[in-house]
Amino acid sequence: MKFNLCAKTVLMVDRYLERITDAIDRLIERRALNSFYVGLSGGSENSITSVADYIINLSERKVKLINLKILIDMALEACPILSAQILIERYMDNEKSFDIAKRHNLSERTYFRRLNEALEHFSVEMSKLGFSEKRLFDYISSEKWIMEVYNRLISAKSDDSVQIDENRLGKLVAG
């Protein structure tokens with residue numbers, strides 16, 4: 001069950017990964033350009049080492065998010081077509097369960113069975129790619145904004161009640 005929560009979490013945040021990596025690029029550029037004013041502020045926050053550490057940390061975060069995106073795409077490609085379609089429509093496109101079931105000519109009960117099967121396929125493919133439950137959780141646990149989605153899934157009664165606040169997302173990424 002926990003692994004399905006990790007799987008659901010990474011599927012839900014997939015659509016934000018590209019935007020977040022672009023935001024990280026802008027943060028790096030802004031910090032690098034503002035480091036020019038090292039003598040004016042008199043503080044150590046603009047020292048060469050603190051600027052370099054900040055840029056290195058953000059670059060490592062960006063690499064981690066890009067790798068997560070690639071991992072998700074590879075796992076989805078390895079899943080059966082219907083499973084991949086259901087996961088993409090449900091978690092990435094955020095479509096309603098009723099609409100997805102209707103589109104695929106499935107009863108709602110059958111849809112939910114197929115959704116659970118799709119999550120299992122996705123989890124198995126993630127494991128084949130070297131990301132077991134523990135490793136995936138460890139991999140995403142350093143990103144506060146991803147962990148917030150994970151924690152909301154834990155406390156939510158259904159996936160439909162979990163929404164990502166895009167305004168708050170920017171603050172969590174920068175922090």
Side-chain angles (χ1 to χ4, degrees), residues 1-26 61-174:
M1 183 65 178
K2 181 181 175 186
F3 193 63
N4 280 347
L5 287 176
C6 286
K8 288 177 186 180
T9 301
V10 297
L11 287 166
M12 289 180 80
V13 301
D14 178 80
R15 64 182 145 169
Y16 300 102
L17 294 175
E18 188 174 339
R19 278 192 265 173
I20 299 300
T21 57
D22 289 343
I24 289 173
D25 282 340
R26 288 190 300 276
R61 283 179 71 190
K62 180 180 175 183
V63 168
K64 181 181 275 193
L65 296 176
I66 290 170
N67 287 338
L68 182 61
K69 174 70 173 158
I70 292 168
L71 177 70
I72 294 166
D73 290 347
M74 289 174 65
L76 282 172
E77 285 176 11
C79 286
I81 292 173
L82 181 60
S83 293
Q85 286 176 336
I86 289 173
L87 291 174
I88 290 168
E89 291 169 357
R90 176 69 195 101
Y91 294 106
M92 295 175 173
D93 297 341
N94 202 26
E95 293 184 22
K96 299 292 180 202
S97 301
F98 176 78
D99 296 333
I100 299 168
K102 187 175 177 183
R103 182 177 309 114
H104 293 286
N105 296 321
L106 303 170
S107 68
E108 283 194 64
R109 182 177 171 155
T110 302
Y111 161 76
F112 283 109
R113 271 197 310 262
R114 295 276 169 84
L115 179 61
N116 287 333
E117 290 171 6
L119 284 168
E120 287 301 318
H121 286 295
F122 184 75
S123 298
V124 167
E125 294 305 327
M126 295 286 276
S127 294
K128 287 180 184 176
L129 293 168
F131 280 82
S132 63
E133 170 186 343
K134 182 180 180 344
R135 184 161 182 223
L136 183 60
F137 183 80
D138 291 344
Y139 196 75
I140 64 174
S141 64
S142 61
E143 289 292 328
K144 292 177 190 175
W145 65 281
I146 296 177
M147 288 310 296
E148 184 172 303
V149 173
Y150 178 84
N151 291 328
R152 284 187 183 178
L153 280 170
I154 289 173
S155 62
K157 293 183 178 171
S158 73
D159 297 341
D160 293 332
S161 63
V162 176
Q163 296 296 322
I164 297 173
D165 183 2
E166 294 188 30
N167 295 327
R168 200 162 177 279
L169 185 64
K171 295 174 188 171
L172 287 170
V173 171

Check your understanding: Could you give the distance from NE2 (His104) to CG (Leu82), rounded to the nearest 0.5 Å?
Key -> 6.0 Å
Practice item. Any chance you could measure Tyr91, atom OH, to Leu119, atom CG, to the nearest 0.5 Å? Key: 4.5 Å
Review point. Which value, rounded to the nearest 0.5 Å, describes the distance between Arg113 atom CZ and Leu115 atom CG?
Key: 12.0 Å
Review point. For Arg135 and Gly130, which heavy atoms make the closest approach, and how far apart are they?
Key: NH1-O, 2.7 Å
Practice item. Indicate yes or no: at least one non-hydrogen side-chain atom of Leu17 is less than 4.5 angstrom from one of Ile20. Key: no
Review point. By side chain to side chain donor-acceptor pair (under 3.5 Å), which residues pair with Arg103, not counting sequence neighbours?
Key: Glu89, Glu95
Point to revise | Inter-residue atom distance Thr110.OG1 - Glu117.CD, 0.5 Å rounding | key: 9.5 Å
Check your understanding: Does the side chain of Tyr111 come within less than 4.5 Å of Arg90's, by heavy atoms?
Key -> yes
Review point. Heavy atoms, side chains only, cut-off 4.5 Å: are Met147 and Phe137 in contact?
Key: yes
Point to revise | Minimal non-hydrogen separation, Ala7 against Leu136, with atom names | key: N-CD2, 4.4 Å
**Study point:** Asn4 vs Glu120, side chain to side chain contact (heavy atoms under 4.5 Å, CB included): CA-CA, chis, key distance, verdict
**Key:** CA-CA 7 Å; Asn4 280 347; Glu120 287 301 318; 3.2 Å; yes
Review point. Does Lys144 pair with Glu148 as a salt bridge, N-O distance under 4.0 Å?
Key: no
Review point. For the atom pair OH (Tyr150) and OG (Ser155), what is the distance rounded to the nearest 0.5 Å?
Key: 11.5 Å
Practice item. Evaluate side chain to side chain contact (heavy atoms under 4.5 Å, CB included) for Arg114 paired with Ser83, printing each intermediate quantity in order. Key: CA-CA 7 Å; Arg114 295 276 169 84; Ser83 293; over 6 Å; no
Point to revise | Contact summary for Arg15 and Met92, nearest pair of heavy atoms | key: CD-O, 3.3 Å
Exercise for review: List the steps, then state whether side chain to side chain contact (heavy atoms under 4.5 Å, CB included) holds for Asp93 with Ile100.
Suggested key: CA-CA 11 Å; Asp93 297 341; Ile100 299 168; over 6 Å; no
Point to revise | Distance (rounded to the nearest 0.5 Å) between Asp22 CG and Tyr16 OH | key: 15.0 Å
Exercise for review: Answer yes or no: is there a side-chain heavy-atom contact under 4.5 Å between Leu87 and His121?
Suggested key: no
May I have the list of side-chain donor-acceptor pairs in residues 64-76 shorter than 3.5 Å, sequence neighbours left out?
residue	atom	partner	partner atom	Å
Lys64	NZ	Tyr139	O	3.3
Lys64	NZ	Ser142	OG	2.8
Asn67	ND2	Val63	O	3.3
Lys69	NZ	Asp14	OD1	3.2
Lys69	NZ	Asp14	OD2	3.1

